[in-house]
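What follows is one structure encoded as structure tokens, with my remarks underneath.
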Number of protein chains: 2
Amino acid sequence: MRYSRQGELIYRTVKKSKMHPDANLVYEQVKKIVPKISLGTVYRNLNYFTKNGLIRSIVDGSKTRYDGNLDPHYHLQCDICGVIKDIKAKDINLRFQLNDKYDFKASNIEFTIKGKCNKHK
Amino acid sequence: MRYSRQGELIYRTVKKSKMHPDANLVYEQVKKIVPKISLGTVYRNLNYFTKNGLIRSIVDGSKTRYDGNLDPHYHLQCDICGVIKDIKAKDINLRFQLNDKYDFKASNIEFTIKGKCNKHK
DNA sequence: ATTCATGCAAAGGGTTTGCAGGAAA
DNA sequence: TTTCCTGCAAACCCTTTGCATGAAT
């Protein structure tokens with residue numbers, strides 16, 4: 001993909017953020033620097049980066065959120081405030097037997113633990 | 001919730017189906033019996049059943065699918081055709097340590113393995 | 001007779017897309 | 001100069017909702 005200032009800013013915003021922003025939040029951030037940027041451009045770039053493995057996407061109800069952290073990790077999501085925290089893959093011990101019994105070739109695991117974060121005890 | 005023929009048919013359709021139907025598929029099924037049923041009614045009933053734990057809902061990209069199987073299980077989803085298969089919880093060995101390190105009270109785990117089903121080797 | 005779920009259609013949220021103009025190569 | 005990414009707005013898909021009617025109690 002050809003270079004553009006908008007694309008670079010979108011990419012950097014996701015990479016820097018630790019709050020797993022959705023498209024609109026990225027839009028609001030980049031708009032501070034490029035006021036005329038459009039949501040369409042944000043979506044086009046986020047889709048491109050996701051498809052090419054530069055960032056990850058996370059399903060959050062009816063919308064998509066983005067994660068610049070490519071290290072192996074899973075997510076904790078709070079039912080109350082929706083915040084998403086990373087949990088390191090090495091803190092989870094996953095074992096499963098698939099090949100013979102289920103006849104399915106695994107490529108990607110989506111593992112999210114829902115519950116209450118420390119602000120809602 | 002008050003009894004209605006539509007509600008009963010919607011519930012039975014989800015319970016009987018093993019293909020994790022979305023709202024529109026349930027709608028098409030029930031329409032064969034009650035041709036004038038509306039999509040709104042299907043959504044209202046599915047939401048009610050889900051909230052009251054009579055069925056489960058599954059996130060599938062931009063839409064919601066429903067699962068009448070309440071036994072503890074997770075899902076395998078094919079990247080190619082989107083089919084969702086159940087995998088029994090006992091075939092997966094999950095261990096994780098959360099409370100001290102992450103300060104998060106888990107209530108629900110969403111675990112889906114994505115990959116290729118046996119039709120797309 | 002009262003209550004409340006339905007059918008219908010409009011509206012909603014999030015996302016995608018066609019097009020003309022402007023920036024990158 | 002050509003390519004293609006952008007801004008804009010319309011369209012899209014899935015889902016929800018307001019309203020009047022009709023079914024359930």
Side-chain angles (χ1 to χ4, degrees), chain A residues 1-14 17 19-52 54-67 77 81-84 110 112, chain B residues 1-14 17 19-52 54-67 77 81-84 110 112:
Chain A
M1 202 190 207
R2 173 179 292 187
Y3 172 88
S4 78
R5 188 156 118 86
Q6 290 88 333
E8 168 132 29
L9 288 166
I10 290 163
Y11 176 73
R12 286 195 183 175
T13 298
V14 175
S17 176
M19 61 192 311
H20 310 85
D22 62 11
N24 197 63
L25 188 50
V26 174
Y27 172 63
E28 294 298 342
Q29 289 295 117
V30 177
K31 211 162 138 176
K32 292 176 187 167
I33 304 172
V34 183
K36 293 184 80 73
I37 194 170
S38 75
L39 245 191
T41 295
V42 173
Y43 275 107
R44 273 184 291 239
N45 277 275
L46 290 173
N47 286 341
Y48 172 82
F49 297 140
T50 302
K51 279 180 196 140
N52 289 276
L54 280 72
I55 63 178
R56 286 175 58 182
S57 65
I58 311 170
V59 173
D60 178 19
S62 63
K63 62 186 168 189
T64 304
R65 291 168 67 167
Y66 300 88
D67 189 345
Q77 181 168 32
C81 63
V83 69
I84 294 179
E110 291 193 6
T112 301
Chain B
M1 204 190 208
R2 173 179 291 186
Y3 173 87
S4 78
R5 188 156 117 86
Q6 290 88 334
E8 167 132 29
L9 289 166
I10 290 162
Y11 176 71
R12 287 195 183 173
T13 298
V14 175
S17 176
M19 62 192 310
H20 311 84
D22 62 13
N24 198 63
L25 189 52
V26 174
Y27 172 64
E28 294 298 342
Q29 289 295 116
V30 178
K31 212 161 138 179
K32 293 176 186 168
I33 304 172
V34 183
K36 291 183 82 75
I37 195 170
S38 74
L39 244 191
T41 295
V42 173
Y43 275 106
R44 273 185 291 239
N45 276 275
L46 290 173
N47 286 341
Y48 172 81
F49 298 140
T50 302
K51 277 179 196 143
N52 289 277
L54 281 71
I55 61 177
R56 286 174 58 182
S57 65
I58 310 170
V59 172
D60 178 20
S62 63
K63 62 186 167 190
T64 303
R65 292 169 67 167
Y66 299 89
D67 189 345
Q77 180 167 31
C81 64
V83 68
I84 294 179
E110 290 191 8
T112 301

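Chain letters run A, B, ... following the sequence lines, proteins first, then strands; residues in each count from 1.
Atom-to-atom, CZ of Arg5(B) to P of dA24(D) comes out at 9 Å; the value is rounded to the nearest Å. The OH atom of Tyr43(B) sits 18 Å away from the C1' atom of dG18(D) (whole-angstrom rounding). One can place CG of Asp60(B) at 16 Å from P of dC13(D), the figure rounded to the nearest angstrom. One interatomic measurement links the two molecules: CZ of Arg2(A) to C1' of dA24(C), which rounds to 5 Å at whole-angstrom precision. Atom NZ of Lys31(A) and atom P of dT6(D) are 17 Å apart (whole Å). The distance from atom OH of Tyr27(B) to atom P of dT6(C) is 14 Å, rounded to the nearest whole Å. Following rounding to the nearest Å, Leu46(A) (CG) and dT15(C) (P) show an atom-to-atom distance of 9 Å. Between the P atom of dT15(C) and the CZ atom of Arg44(A) lies a distance of 15 Å, rounded to the nearest Å.
Ser4(B) has no side-chain polar atom (N or O) that falls below the 4.0 Å cut-off from OP1 or OP2 of dA5(C). Here Asn24(B) does not reach the OP1 or OP2 of dC13(D): none of its side-chain N or O atoms lies under 4.0 Å away. OP1 or OP2 of dT15(D) lies within a sub-4.0 Å distance of a side-chain N or O belonging to Thr64(B). Note on Lys36(A): every side-chain N or O is 4.0 Å or more away from OP1 and OP2 of dG7(D). Side-chain nitrogen and oxygen atoms of Asn47(A) include none within less than 4.0 Å of the OP1 or OP2 phosphate oxygen of dT15(C). Between Asn45(B) and the phosphate of dA5(C), there is no side-chain N or O to OP1/OP2 separation shorter than 4.0 Å. A close approach under 4.0 Å does occur between a side-chain nitrogen or oxygen of Gln6(B) and OP1 or OP2 of dG7(C). OP1 or OP2 of dT6(C) has not a single side-chain nitrogen or oxygen of Ser38(B) nearer than 4.0 Å.
When distances are taken from the side chain of Ile37(A) to each of dG7(D), dT15(D), dC14(D), the shortest belongs to dG7(D). Closest approach to the Ala23(B) side chain among dG7(D), dT15(D), dT6(C) is made by dT15(D) (side chain taken as heavy atoms from C-beta onward). The side chain of Met1(A) has dC5(D) as its nearest neighbour among dT16(D), dC5(D), dG7(C). If you check dA24(D), dC19(C), dG7(C) against the side chain of Tyr3(B), the one that comes closest is dA24(D).
Remark: the backbone N or O of Met19(B) is paired with a side-chain donor or acceptor of Arg65(B) at under 3.5 angstrom.
Nearest heavy-atom pair across Gly7(A) and Phe49(A) is O-CZ, 3.5 Å. Shortest non-hydrogen contact noted between Tyr27(B) and Ile37(B) is CE1-O, 3.3 Å.
DNA chain D is contacted by both Lys63(B) and Thr41(B); Lys63(B) maps to the nucleotide lying nearer its 5′ end (nearest heavy atom per residue). Comparing Ile10(B) and Gly40(B), the nucleotide of DNA chain C nearest to each residue sits closer to the 5' end for Ile10(B).
Looking only at side-chain heavy atoms (C-beta outward), Val30(B) and Val42(B) stay at 4.5 Å or farther from each other.
The only option from Ile10(A), Thr50(A), Asp67(A) that meets the side-chain contact (heavy atoms from CB on, under 4.5 Å) definition with Ile55(A) turns out to be Thr50(A).
Residues Gln6(B) and Asn45(B) bring no donor and acceptor atom of their side chains to less than 3.5 Å of each other.
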